[in-house]
Asker: 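Provided herewith is a single structure, encoded as structure tokens, for subsequent inquiry.
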2 protein chains.
Amino acid sequence: MNHARQYLIDNGIKPSVQRIAIMKYLFEHRTHPTVDDIFHDLHDAIPTLSRTTVYNTLKLFAEKGAILSLTIDEKKVRFDGYKQRHAHFRCLECDEVFDISLDRDVEFPQEDGLRGFEAVETHVYHRGYCAECAKKKNFNNK
Amino acid sequence: MNHARQYLIDNGIKPSVQRIAIMKYLFEHRTHPTVDDIFHDLHDAIPTLSRTTVYNTLKLFAEKGAILSLTIDEKKVRFDGYKQRHAHFRCLECDEVFDISLDRDVEFPQEDGLRGFEAVETHVYHRGYCAECAKKKNFNNK
DNA sequence: TACAAAGTTGTAATTATTACATTCTTGTTT
DNA sequence: AAACAAGAATGTAATAATTACAACTTTGTA
């Protein structure tokens, strides 16, 4: 039942109480949390947790390829424990980040587009208004 | 011959000495500069220029849709005066940002992928090693 | 020439992130 | 079980990008 623990080991990361808790958090919260979101939410369960540990841990996870770090928000980095290929959408109104499916036509770039360049990761980001905020916005502009 | 000035007007931006200089800079430098790059490089020509003005100006340009602001670099925002659809590639070694052509197959997402979401802009970012750094890296690992 | 609106400037504040030295855990060896 | 070393976690202090803000300047117009 300790999925997070095993996941860390599989990614070459030594599990610790803090690391397991953070990985578990990312599996359970598909909200693209920031360092502070995670720090804040885990603080009750692990009162000794340090913000620096959250920074260190997320950096390590991203380096090991266990998670994605998203720079869709110009203020702070967000993190994503969901590794399946998908795009992200940030709402300019409510500031939430959503997962967007990438359909067949929207494939990730092939070798040919990148002559000689070695891509490690590719991100597709949208910025705009999420369904809910778009509705409100269009209603008000009527 | 004042292309930058006219471009600003066309985008609903009142031209000023500073704004024209910054727009001109972006047209002439396809390097995805940061605020500081621009501030530093224009300082000789306009000694009174303030860093705040560069921030204000770039924010205004981006809001008016005259330029793109790129969040490919987790530290600082970069700017791009080239509006044609293209992707970006940031080298993890030399930290340069390159333009990458998006071929026909790599289209920007269509409406269907975004049910109800209103996309204002879409970015495709790659991170990895540029041709030059990849060559060095592979040579050293031999 | 006077004036208001918009633009620019410089400093101070804010905020995310990193550096670093100290303390704590963990597993291993005696 | 005690001693030890390596790796991890912690907290504070530093750094760096960005924004807030109040004062000053420029521009166009009456």
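Letters A, B, ... mirror the listed sequences (proteins, then strands); counts begin at 1. Hydrogens, waters and symmetry mates are skipped; everything else that's a heavy atom, side chains included, is used.
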Asker: Mind calculating the distance between CG (A:D37) and P (C:dA16) to the nearest angstrom?
Answerer: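 Rounded to whole Å, this separation is 10 Å.
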Asker: Roughly, in whole Å, what's the span from CG in A:L49 to P in C:dT25?
Answerer: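 About 14 Å, once rounded to whole Å.
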Asker: Within residues 14-26 of chain A, find the residues that approach DNA chain D with a heavy atom at under 4.0 Å, and present them sorted by residue number.
Answerer: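 Output list: A:K14, A:S16, A:Q18, A:R19.
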Asker: Tell me every residue that passes side chain to side chain donor-acceptor pair (under 3.5 Å) with A:D44, counting only those two or more places apart in sequence or in another chain.
Answerer: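 Counting only residues at least two positions away or on another chain, A:D44 forms no side chain to side chain donor-acceptor pair (under 3.5 Å).
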Asker: Which whole-number value in Å describes the distance from A:I46 CD1 to D:dT10 C1'?
Answerer: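 It works out to 13 Å between those atoms.
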Asker: What protein N or O atoms touch nucleotides 17-26 of chain D N or O atoms at under 3.5 angstrom, if any, and at what distances?
Answerer:
| residue | atom | partner | partner atom | Å |
| --- | --- | --- | --- | --- |
| D:dT18 | OP1 | B:V77 | N | 2.9 |
| D:dT18 | OP2 | B:Y55 | OH | 3.1 |
| D:dT19 | OP1 | A:K75 | NZ | 3.0 |
| D:dA20 | N6 | B:T52 | OG1 | 3.4 |

Asker: Who passes side chain to side chain contact (heavy atoms under 4.5 Å, CB included) against A:K135, sequence neighbours left out?
Answerer: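 Side chain to side chain contact (heavy atoms under 4.5 Å, CB included) check on A:K135 returns nothing, list empty.
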Asker: Can you list the residues that meet the side chain to side chain donor-acceptor pair (under 3.5 Å) rule with A:R19, with sequence neighbours excluded?
Answerer: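 Once residues adjacent in sequence are excluded, A:R19 has no partner under the side chain to side chain donor-acceptor pair (under 3.5 Å) criterion.
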Asker: Go through the structure and list residues passing side chain to side chain contact (heavy atoms under 4.5 Å, CB included) with A:T71, not counting sequence neighbours.
Answerer: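 For A:T71, the residues satisfying side chain to side chain contact (heavy atoms under 4.5 Å, CB included) (neighbours in sequence not counted) are A:Y125, B:T71, B:E74, B:R127.
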Asker: Which whole-number value in Å describes the distance from B:F61 CZ to C:dG7 P?
Answerer: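 Going from B:F61 (CZ) to C:dG7 (P), I get 11 Å.
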Asker: Other than B:F39, which residues form its hydrophobic cluster under the rule that side-chain heavy atoms must be closer than 4.5 Å?
Answerer: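 Answer for B:F39: B:Y7, B:L8, B:I13, B:V17, B:I20, B:I22, B:M23, B:Y25, B:L26, B:F27, B:V35, B:I38, B:L42, B:I46, B:L49, B:V54, B:Y55, B:L58, B:L60, B:F61, B:I67, B:V77, B:F79.
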Asker: Nearest-Å distance, CD1 (A:I38) to P (C:dT17)?
Answerer: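 It works out to 11 Å between those atoms.
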Asker: Check side chain to side chain contact (heavy atoms under 4.5 Å, CB included) between A:N56 and all other residues, then give those that pass, not counting sequence neighbours.
Answerer: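 Applying side chain to side chain contact (heavy atoms under 4.5 Å, CB included) to A:N56 gives A:T52.
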Asker: A:I13 CD1 to D:dG7 C1': how many Å, rounded?
Answerer: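 From A:I13 CD1 to D:dG7 C1': 15 Å.
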Asker: What residues form a side chain to side chain contact (heavy atoms under 4.5 Å, CB included) with A:T31, not counting sequence neighbours?
Answerer: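 A:H29, A:P33.
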Asker: Atom CG of B:L60 to atom C1' of C:dT8: distance rounded to whole Å?
Answerer: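 Answer to the nearest Å: 13 Å.
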Asker: Under a 4.0 Å threshold between the charged nitrogen and the carboxylate oxygen, would A:E28 count as salt-bridged to A:K24?
Answerer: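 Looking at A:K24 and A:E28, the cut-off is met.
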Asker: Check the distance between C:dT18's C1' and A:L58's CG and give it to me in whole angstrom.
Answerer: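 After rounding, the gap between these two atoms is 14 Å.
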Asker: If you group Ile, Leu, Val, Met, Phe, Trp and Tyr by side-chain heavy-atom gaps below 4.5 Å, do B:V97 and B:I100 land in one group?
Answerer: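 Each belongs to a different hydrophobic cluster.
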